[in-house]
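The structure appears below as structure tokens.
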There are 4 protein chains.
Amino acid sequence: MPKHPDPARRSERSRQAILDAARELVSEVGYAKVSIEAIAARAGVGKQTIYRWWRSKGAVIFDAFLALSEADEGGMALPDTGDIEADLKTVMRATVAEFADPAFEGPIRALTTEIINDPGLAAQYRERLAAPVDEVKKARLRSAQQAGQLAADLDLGVALELLYAPLFQRWIYRSGPLTPDYADTLVDLFLKATRP
Amino acid sequence: MPKHPDPARRSERSRQAILDAARELVSEVGYAKVSIEAIAARAGVGKQTIYRWWRSKGAVIFDAFLALSEADEGGMALPDTGDIEADLKTVMRATVAEFADPAFEGPIRALTTEIINDPGLAAQYRERLAAPVDEVKKARLRSAQQAGQLAADLDLGVALELLYAPLFQRWIYRSGPLTPDYADTLVDLFLKATRP
Amino acid sequence: MPKHPDPARRSERSRQAILDAARELVSEVGYAKVSIEAIAARAGVGKQTIYRWWRSKGAVIFDAFLALSEADEGGMALPDTGDIEADLKTVMRATVAEFADPAFEGPIRALTTEIINDPGLAAQYRERLAAPVDEVKKARLRSAQQAGQLAADLDLGVALELLYAPLFQRWIYRSGPLTPDYADTLVDLFLKATRP
Amino acid sequence: MPKHPDPARRSERSRQAILDAARELVSEVGYAKVSIEAIAARAGVGKQTIYRWWRSKGAVIFDAFLALSEADEGGMALPDTGDIEADLKTVMRATVAEFADPAFEGPIRALTTEIINDPGLAAQYRERLAAPVDEVKKARLRSAQQAGQLAADLDLGVALELLYAPLFQRWIYRSGPLTPDYADTLVDLFLKATRP
DNA sequence: CAGTAAGCGAGACGGTACGTCCTGTCTTAGT
DNA sequence: ACTAAGACAGGACGTACCGTCTCGCTTACTG
């Protein structure tokens with residue numbers, strides 16, 4: 001049985017220093033070149049303190065960004081003008097812009113890399129990062145559904161996949177440009193596929 | 001000026017030994033734990049010989065799997081019974097099964113990891129692995145298009161994304177089961193989105 | 001002012017457990033590989049309890065063996081048949097045998113290592129371990145002196161050095177065999193050097 | 001079978017840098033506080049290069065001092081005025097002074113520590129450091145023997161032990177002062193024990 | 001006879017060093 | 001010229017301990 005340290009004795013100051021250092025280092029040198037040694041040194045912390053509480057470099061960095069995103073969780077909401085097409089295009093154009101933003105690239109590619117190879121991290125990602133965001137998106141779709149703009153029997157989970165996955169895949173493989181036009185195209189196809 | 005080695009003098013025997021060793025090691029210990037040293041040792045080759053011809057571990061392993069897949073490139077074709085729905089469901093169910101196959105997992109996740117972080121590898125992937133396969137798929141869609149089963153103005157590249165990306169995303173994030181039903185659902189949505 | 005803990009409150013049970021654990025560990029893994037952490041763990045004791053009462057690993061282990069040897073201090077006496085040559089040969093042969101005993105080796109080499117590098121430990125060694133034993137030996141020599149078998153002006157401390165140091169040095173450097181013959185040779189030389 | 005690296009490929013420049021760094025560090029911070037990491041850093045050498053050629057810190061430092069002492073091996077000779085008592089007193093007083101010299105202490109205590117616990121090192125010490133020196137001393141004794149000043153059947157190895165070991169033991173245990181008088185006393189006892 | 005201060009087991013902490021592994025470069029011999 | 005072999009400087013790995021530092025708990029003295 002793996003022994004877990006007692007969380008009650010955990011030093012909050014060290015935890016914060018580690019997460020901060022991890023974030024800084026990732027943005028300075030890139031995910032791949034971050035080492036646990038460097039995080040420990042930057043945080044002014046013994047390496048053991050990292051190994052005591054995280055299983056891997058990926059887990060630390062994941063936590064670092066998780067903590068970041070959980071901070072600004074509150075004020076998330078999608079526009080709801082009643083016009084589902086207009087609203088989705090607004091949102092998808094914003095998403096496309098976000099994916100095209102170079103500052104966004106590094107950490108997210110790194111994160112995705114880790115998630116691909118670590119099922120545990122994937123589960124955490126889904127539950128703590130993706131799920132809350134998806135829930136907000138589903139709320140907007142549900143509203144449209146009740147307004148009769150989307151098929152009543154539409155599975156909203158699958159719907160989100162249909163809408164977002166093409167964009168995601170194109171971003172991963174860099175297999176095409178991420179433009180507002182592309183966002184519109186995806187919304188058009190999505191609406192055609194999901195209308196009553 | 002970087003000196004490029006003379007490809008004419010390249011030892012074919014060493015090249016093969018390296019690619020074989022790379023393939024074996026990936027399946028034995030997993031992508032992350034494969035090292036260039038280990039490949040060299042297994043192949044009975046000097047490390048320099050690897051560094052001379054490849055830029056990174058990722059490039060070697062990519063080449064190793066590329067060579068493998070280029071071997072059986074010839075006989076690829078999709079069913080064309082005239083019934084686009086049936087044909088797509090057949091293909092998508094097969095694809096779903098392939099993604100769910102554990103033997104398929106390791107190497108592909110590793111490959112995807114590399115592709116995410118290396119634009120050069122991504123380009124190679126698209127051109128040498130994805131493009132030929134996509135062409136075959138597009139041929140089937142074009143046939144349906146000409147039969148009036150799909151919208152005439154449909155962009156086939158986008159179409160492929162719409163069809164396959166949801167599956168791909170679900171596989172990456174392990175965010176849902178990969179079942180025949182799911183394949184059917186995707187085909188249904190796809191056909192609804194793309195019909196004339 | 002360095003604060004000294006109050007010896008009155010010292011837990012005898014912990015003290016014993018620590019000394020026992022130290023002894024066990026030394027004989028199990030050898031002096032060099034014993035750590036204070038291991039002693040504490042084995043003794044079921046907090047590390048601080050060791051640091052509170054001892055200055056170093058060496059001090060603990062020294063104490064452990066000291067306690068051991070002080071236990072059987074009583075019944076020590078050298079043979080006195082009146083024949084100093086025979087008596088010394090008996091004793092020296094026994095000493096040679098003791099040094100050649102593998103079970104004796106490990107701890108004593110370890111102890112000597114510590115003593116060489118720690119003057120404080122050396123002093124303790126001389127006063128608490130060597131002195132009592134030397135006193136017994138000197139008593140026998142004094143008896144011989146009074147019987148006119150040894151020079152009246154012989155310094156008994158130097159005499160003991162002359163008798164035992166060659167053996168000790170040979171043992172340290174492993175520079176020659178430790179045999180009964182060797183013991184006899186040393187006694188012969190000693191007696192020649194010290195007779196009236 | 002332990003694999004030994006090929007000595008032919010060994011870098012002489014690295015070897016020298018390591019031995020120099022080892023010597024410097026020992027005299028700067030003392031044997032116990034020297035680490036292999038520090039030697040490597042000071043020498044501008046990878047740790048692996050040290051581990052490749054030496055088994056332990058002790059072995060490196062031993063080699064460092066060995067190399068040093070082998071440098072000035074040539075001009076060693078003991079005085080031979082024909083008066084063995086005067087000559088030995090000269091030599092022993094010098095030896096006593098050497099042992100009492102604080103600059104001499106550190107490294108030699110450290111060396112002795114290592115030798116005690118490592119039979120391999122002890123063998124090297126005897127063969128490469130002690131033996132040549134002992135040979136010179138034996139030569140002087142042999143000369144006295146031939147002049148009829150020492151017993152003809154005296155074993156010169158044992159003789160050296162008788163002469164030097166008491167001093168050595170007193171130095172190790174710090175069990176008495178190292179003075180010229182003490183040197184004289186030892187010579188007197190030695191000559192009494194070994195005269196014809 | 002409570003109150004309090006010590007010693008105690010436990011173990012997290014900032015650190016240092018360990019010995020191993022691998023990287024990418026360089027050198028030597030052998031085709 | 002290219003190769004197999006492998007030494008090299010460098011640096012990160014994950015582990016083991018160091019000696020210090022809280023934590024609550026128990027125990028024994030004291031007011």
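Residue numbering restarts at 1 for every chain, and letters A, B, ... go by the order of the sequence lines. Note that the structure is a prediction, hence the values are computed from the model and not measured.
- Here the side chain of B/Lys47 is nearest to one of E/dT23, E/dA12, E/dG19, namely E/dT23.
- The side-chain tip of C/Arg9 does not point at the ring of C/Trp53 from less than 6.0 angstrom away and within 45° of straight on.
- The side chain of C/Trp53 contributes an N or O atom lying less than 4.0 Å from OP1 or OP2 of E/dC8.
- Here F/dG10 presents its P atom at 16 Å from CD of A/Glu37, a figure rounded to the nearest Å.
- At whole-Å resolution of the value, NZ in D/Lys33 and P in F/dG19 are 11 Å apart.
- Partner of C/Thr113 under the side chain to side chain donor-acceptor pair (under 3.5 Å) criterion, out of D/Thr113, D/Asn117, D/Thr112: D/Asn117 alone.
- For the pair D/Arg15 and D/Trp54, the cation-pi criterion (under 6.0 Å, within 45° of the ring axis) is not fulfilled.
- For C/Gly46 and D/Val34, each mapped to the nucleotide of DNA chain E holding its nearest heavy atom, the one lying further toward the 5' end belongs to C/Gly46.
- The residue among D/Ser11 and C/Ser56 whose nearest nucleotide of DNA chain F is located toward the 5' end is D/Ser11.
- One atom, CZ of D/Arg13, and another, C1' of F/dA9, lie 11 Å apart when rounded to the nearest Å.
- Residue D/Ser14 has no polar side-chain atom (N or O) positioned under 4.0 Å from OP1 or OP2 of F/dA7.
- Atom CD1 in D/Ile39 sits about 11 Å away from atom P in E/dG19, given to the nearest Å.
- Here D/Arg52 lies in heavy-atom contact (under 4.0 Å) with a base.
- In this structure, B/Tyr51 and D/Ile36 both approach DNA chain E, and ranking their closest nucleotides by distance from the 5' end singles out D/Ile36.
- Results of the salt bridge (charged side-chain N to carboxylate O under 4.0 Å, His left out) test with B/Glu28 over B/Lys33, B/Arg42, B/Arg23 single out B/Arg42 as the only residue that passes.
- Between F/dA4, E/dC22, E/dC18, one nucleotide has an atom nearer to the side chain of B/Val45 than all others, and that is F/dA4.
- Put simply, CD1 on B/Ile50 is 15 Å from P on F/dG6, counting in whole angstrom units.
- Dashed line: the shortest gap from a side-chain N or O of D/Thr49 to OP1 or OP2 of F/dA9 is under 4.0 Å.
- Summarising the geometry, atom CG belonging to A/Leu25 is positioned 13.0 Å from atom OH belonging to A/Tyr31; distances are rounded to the nearest 0.5 Å.
- Position along DNA chain F of the nearest nucleotide to B/Ala41 versus D/Ala43 favours B/Ala41 as the more 5'-ward residue.
- Rounded to an integer number of Å, the gap from CZ of D/Arg15 to P of F/dA7 is 16 Å.
- Put simply, CD on D/Gln48 is 13 Å from C1' on F/dA12, counting in whole angstrom units.
- In this structure, B/Glu12 atom CD and F/dT3 atom P are separated by 11 Å, rounded to whole Å.
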